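Here's the structure we're looking at; comments come further down.
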Number of protein chains: 2
Amino acid sequence: MTATETPAAEADWLRLDQQICFSLHAASRAFNGLYRVLLKDLGLTYPQYLVMLVLWERGDLPVKKLGELLRLDSGTLSPLVKRLEAAGLVRRERSARDERSVDVRLTGQGAALREQALRVPRSIAAATGFDPAEIGELRARLDRLTSALDAAALEEPPAPPDRR
Amino acid sequence: MTATETPAAEADWLRLDQQICFSLHAASRAFNGLYRVLLKDLGLTYPQYLVMLVLWERGDLPVKKLGELLRLDSGTLSPLVKRLEAAGLVRRERSARDERSVDVRLTGQGAALREQALRVPRSIAAATGFDPAEIGELRARLDRLTSALDAAALEEPPAPPDRR
DNA sequence: CGCAATTTGATTGTGCACAATTTAATTGTG
DNA sequence: CACAATTAAATTGTGCACAATCAAATTGCG
């Protein structure tokens, strides 16, 4: 008892090459590396590119809304948006209606950058070597995975049931 | 020519919800969030956990080898391993044969932590809601994606086709 | 041997992720 | 109206990713 039991089967659980997380982490970094290359000409990092995508698609938005759409908090967005502002791509303006809110507005230069960005998704799609159907399927599976993981993260720490 | 052609179709290329990168980025962060919860008791971050996995599986290794297996460079590994050392889980020792090399060796405490870590992969697997076959399939697809992206990142930058 | 090239880590600097805290504006309630 | 609660950003602090640079040890070659 409390023996070192079933060494083979147990070890399998911890094998690096069997863990989905590692494949996913690696794929995420590989994407990041390719985006780094493709976005270099645009002067954007990958998260900055995501912010620009949202602004191009939906127009000017408050920081709060950007955070909801991209699932980023103010600790990440505040400095990121300031860098975009320093690059001349956006302006930050306090909302007139609600002084707590900061609207992020595309500048002419920021809006113009969209033209150059159009080639990026095509390059990415080509680089994956996946056809559109396969990409769609993978995306659906990943989204399902994300939902399941988010739900689990909320249920897992319920731990401290005794307070007061 | 050089027209702004087909506005609708073009916009689709930049739609956030169609980009595989966003799903993957989100899934990666969702994994990270769940690991953060599960590893809290072990006092490990997710990348630190990956390093421990490798050490548990393959025994003591030089930093160089750790970096190859996990695809992390010294800028990431040096401080990370120092934190593991500060936590008492590993020791860093200059190799006697090659003074340039630093061997990372598990301490008794580090080796003992493996017992507690065994439950982590099981919790993760359960949280995904995927059965083993589906996980394997997804993993294979992600690994293929990573290879394709890495290859593309190497080929992409020579780009400037019109120069001179 | 002697010195250039290579290899291994460490360091520095920038940027992102996220938790925790803080500040200011707004809203709700008595 | 006054004040507590809530909300939106910003700030602070820790840790990871990665590029670039540096230092020390090793290797290889003439």
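Letters A, B, ... mirror the listed sequences (proteins, then strands); counts begin at 1. Being a predicted model, the structure only gives us computed values, none of them experimental.
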Completion exercise
Listed range with range, the stems formed with DNA chain D by at least 3 consecutive Watson-Crick or G-U pairs (under 3.5 Å) are C:1-30 with D:1-30
Practice task
With the side chain of B:D98 defined as its heavy atoms from C-beta on, choose the nearest nucleotide among C:dC18, D:dT26, D:dT11.
Solution key: D:dT26
Practice task
Name the nucleic acid region contacted by B:S74, choosing base, sugar-phosphate or nothing; use a 4.0 angstrom heavy-atom cut-off, strictly under.
Solution key: base
Exercise for the section: Report which part of the nucleic acid B:T76 touches: base, sugar-phosphate, or nothing (heavy-atom distance under 4.0 Å, all strands). Expected result: base
Practice task
Please determine, for the side chain of B:S101, which listed nucleotide (C:dA17, D:dA9, C:dT8) has the closest atom?
Solution key: C:dT8
Exercise for the section: Would you indicate what B:L72 reaches in the nucleic acid, counting non-hydrogen atoms under 4.0 angstrom: base, sugar-phosphate, or nothing? Expected result: sugar-phosphate
Exercise for the section: Looking at every strand, decide which applies to B:P62 at a 4.0 Å heavy-atom threshold: base, sugar-phosphate, or nothing. Expected result: sugar-phosphate
Fill in the blank from the handout: The nucleotide from C:dT26, C:dA17, D:dA9 with an atom nearest the side chain of A:E99 is C:dT26
Exercise for the section: Output yes when a side-chain donor or acceptor of B:T107 lies under 3.5 Å from a complementary backbone atom of B:L89, and no otherwise. Expected result: yes
Practice task
Name the nucleic acid region contacted by B:K82, choosing base, sugar-phosphate or nothing; use a 4.0 angstrom heavy-atom cut-off, strictly under.
Solution key: sugar-phosphate
Practice task
May I ask you to say what A:L80 touches in the nucleic acid, namely base, sugar-phosphate or nothing, with a heavy-atom cut-off under 4.0 Å?
Solution key: sugar-phosphate
Problem - Selection from C:dC18, D:dT11, C:dG15 that lies nearest to any side-chain heavy atom of B:R29 - result: C:dC18
